[in-house]
Amino acid sequence: MVTGEDRTRQYSVYITDKDTTVNGSGVLYYPGGGTMFVFTCAHVVDDLETVRIFVLKPLDVEKDQYEVFTTDVSREQVYFSPLDTVTMDHEVKVHSEDLAIIEIKKPETFDIAPTDYFVGESSRHNPIYTQGYPNGVPAGQNPVEYLECLHGSVTS
């Protein structure tokens, strides 16, 4: 059973490419209207021409039931921090600001409530929730089954 703190799961997204050779995660932010946004790390999407996103739409959070909405977006819909500088370390790209925002047009048929959280600074002892797919999702499997959610608090 999903606890109240696990409600953050409904804002998790799984990120890959068309061939499922890349595994990453992000957090959905939907302020309402026709556009949704995904916050992720720049290293997850920096070499992708097409980004495939799986959004977990809650059907019944208490029973851990979700519908998986999948969409592909082009590189033009991915925005990187203007403060980011990319360097190479042994043929691996390293981002100084490892942040990317993906803009998604919300289909009219995709009914989802606006997110009830905000993006801002955190302070000591505030609760935090992290989620993601550190081991990827096996081909043909439901991303809900592999999502890892952790809870904690800001310590410094």
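Atoms considered below: every heavy atom in the structure, side chains included; atoms not considered: hydrogens, waters and symmetry mates.
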- request: Please report the C-alpha distance between D46 and L48 in whole Å, then the side-chain angles of each, then the deciding distance to 0.1 Å, and finally whether the side-chain contact (heavy atoms from CB on, under 4.5 Å) criterion is met.
  value: CA-CA 6 Å; D46 65 0; L48 301 182; over 6 Å; no

Any heavy-atom pair between the side chains of [Y] and [X] that's under 4.5 Å?
X: F110; Y: M36; answer: yes
X: K93; Y: M88; answer: yes
X: E103; Y: T35; answer: yes
X: I101; Y: F80; answer: no
X: F69; Y: K106; answer: no
X: I15; Y: V38; answer: yes
X: Y30; Y: F37; answer: no
X: V55; Y: V68; answer: no

message: Using the side-chain hydrogen bond (donor to acceptor under 3.5 Å, both in side chains) criterion, which residues pair with T21? Sequence neighbours excluded.
response: D17

Return yes if some donor-acceptor pair links the side-chain N/O of [X] with the main-chain N/O of [Y] below 3.5 Å, else return no.
X: D89; Y: V92; answer: no
X: D98; Y: A42; answer: yes
X: T40; Y: S25; answer: yes

task: Return the set of residues passing side-chain contact (heavy atoms from CB on, under 4.5 Å) with T85 (not counting sequence neighbours), or none when no residue passes.
output: S96

Option from V44, T71, I104, V45 for which side-chain contact (heavy atoms from CB on, under 4.5 Å) with V51 holds: V45

Which value, rounded to the nearest 0.5 Å, describes the distance between [X] atom [atom1] and [Y] atom [atom2]?
X: Y14; Y: R52; atom1: OH; atom2: CZ; answer: 10.5 Å
X: D84; Y: L99; atom1: CG; atom2: CG; answer: 8.5 Å
X: L28; Y: S12; atom1: CG; atom2: OG; answer: 9.0 Å

- prompt: Can you check side-chain contact (heavy atoms from CB on, under 4.5 Å) on I53 and V73, steps first, answer last?
  reply: CA-CA 8 Å; I53 299 172; V73 298; 4.2 Å; yes

